[in-house]
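Only this structure's heavy atoms are used, side chains among them; waters, hydrogens and symmetry mates stay out. These numbers come from a predicted model, not from an experiment.
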Amino acid sequence: MATAQTEEFLRRNRPGCKASEFYNWPAEDIDQMESTLSVQQFIQQNIRRDTLDVDAILSMPPSQDEGVWKYEHLRQFCLDLNDLTVLLQDECNPEMCTKMMATDDWVFLCAAHKQPKECPAIDYTRHTLDGAASLLNSCKFFPSRVTIKDSAVAKLGSICRRIYRIFAQSRLRLKAVEDVA
């Protein structure tokens with residue numbers, strides 16, 4: 001009698017492995033992932049497979065909770081946005097971008113201070129990402145990464161609105177840099 005053998009993969013990047021070997025294991029269906037972080041792992045797996053296939057990255061599997069799906073996508077987006085922030089530091093320093101602006105008429109106040117106030121754009125960006133990380137990692141609002149209450153999901157909109165401002169500022173102030181690049 002023949003038995004079906006399933007090959008198990010240890011999903012780890014070994015110390016000293018080459019960049020081409022990073023994450024070099026077969027894709028796994030989300031329903032087969034046995035972890036409380038399966039949604040995060042599935043999203044990252046889809047991003048690594050093809051960063052340009054936005055539909056595949058954003059398509060929620062039928063078995064997933066919509067609130068958890070939105071939450072994990074926003075967490076991943078904030079992680080990736082930190083890379084952009086590092087790139088912006090040289091082009092948008094406090095002397096060059098003294099205010100957080102989306103247009104020449106709109107100045108955004110930074111909510112990270114006791115009293116909201118104007119902040120250099122790069123500081124506003126850092127403060128926004130720090131605040132997002134604090135909220136997304138808050139046990140008070142998000143005690144579980146498996147189920148999320150609707151009242152907590154409602155907080156995600158505020159984070160998205162503030163993050164959008166980072167892109168508006170980048171587009172307004174750094175268009176010349178973008179056009180050159």
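Applying the side-chain hydrogen bond (donor to acceptor under 3.5 Å, both in side chains) test to every pair with at least one member in residues 40-49, sequence neighbours left out, gives these pairs: Gln40-Arg145, Gln44-Gln76, Asn46-Arg49. The ring pair (Phe, Tyr, Trp, His ring centres under 6.0 Å) contacts involving residues 88-121 comprise His113-His127, where partners must be two or more places apart or lie in separate chains. Applying the ring pair (Phe, Tyr, Trp, His ring centres under 6.0 Å) definition to pairs two or more places apart or across chains, those involving residues 128-153 are Tyr71-Phe142.
Contact of the Glu118 side chain with the Cys110 side chain is not registered, since no non-hydrogen atoms from C-beta on lie closer than 4.5 Å. At least one side-chain heavy atom of Leu74 sits under 4.5 Å from a side-chain heavy atom of Ile163. Taking the side chain as every heavy atom from C-beta outward, Thr128 and Met100 never approach each other to under 4.5 Å.
Looking at residues two or more places apart in sequence or on another chain, you find a side-chain hydrogen bond (donor to acceptor under 3.5 Å, both in side chains) between Arg126 and Gln89, Asp123. Judged as a side-chain hydrogen bond (donor to acceptor under 3.5 Å, both in side chains), and not counting sequence neighbours, Asp150 has no contacts.
Atom CG of Leu79 is separated from atom CD1 of Ile47 by 9.5 Å, given to the nearest 0.5 angstrom. To the nearest 0.5 Å, atoms CD1 (Ile166) and OG1 (Thr125) are separated by 4.5 Å. Put simply, CG on Leu129 and CZ on Phe77 are 9.5 Å apart, with the number rounded to the nearest 0.5 Å. Annotation: the span from Leu37 atom CG to Ile43 atom CD1 amounts to 11.0 Å, rounded to 0.5 Å.
Here the closest heavy-atom approach between residue Phe167 and residue Leu84 is recorded as CE2-CD2, 3.9 Å. In terms of heavy-atom proximity, Ile122 sits nearest to Cys92 at CB-O, 3.2 Å. The nearest pair of heavy atoms linking Ala132 to Ile159 is CB-CG2, 3.8 Å. Considering every non-hydrogen atom in both Pro116 and Leu109, the closest pair reads CB-CB, 4.0 Å.
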What pairs of donor and acceptor atoms, side-chain ones from residues 56-67 against any protein atom, are under 3.5 angstrom apart with sequence neighbours left out?
residue : atom : partner : partner atom : Å
Ser59   : OG   : Asp55   : O            : 2.5
Ser63   : OG   : Asp31   : OD1          : 2.8
Asp65   : OD2  : Gly67   : N            : 3.2
Asp65   : OD2  : Val68   : N            : 3.0
Glu66   : OE2  : Lys70   : NZ           : 3.2

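Judged purely by atom type and a 3.5 angstrom limit, Ser138 has no side-chain atom pairing as donor or acceptor with the backbone of Ser134. Remark: side-chain polar atoms of Thr85 are paired, donor with acceptor, to backbone N or O of Leu81 under 3.5 angstrom.
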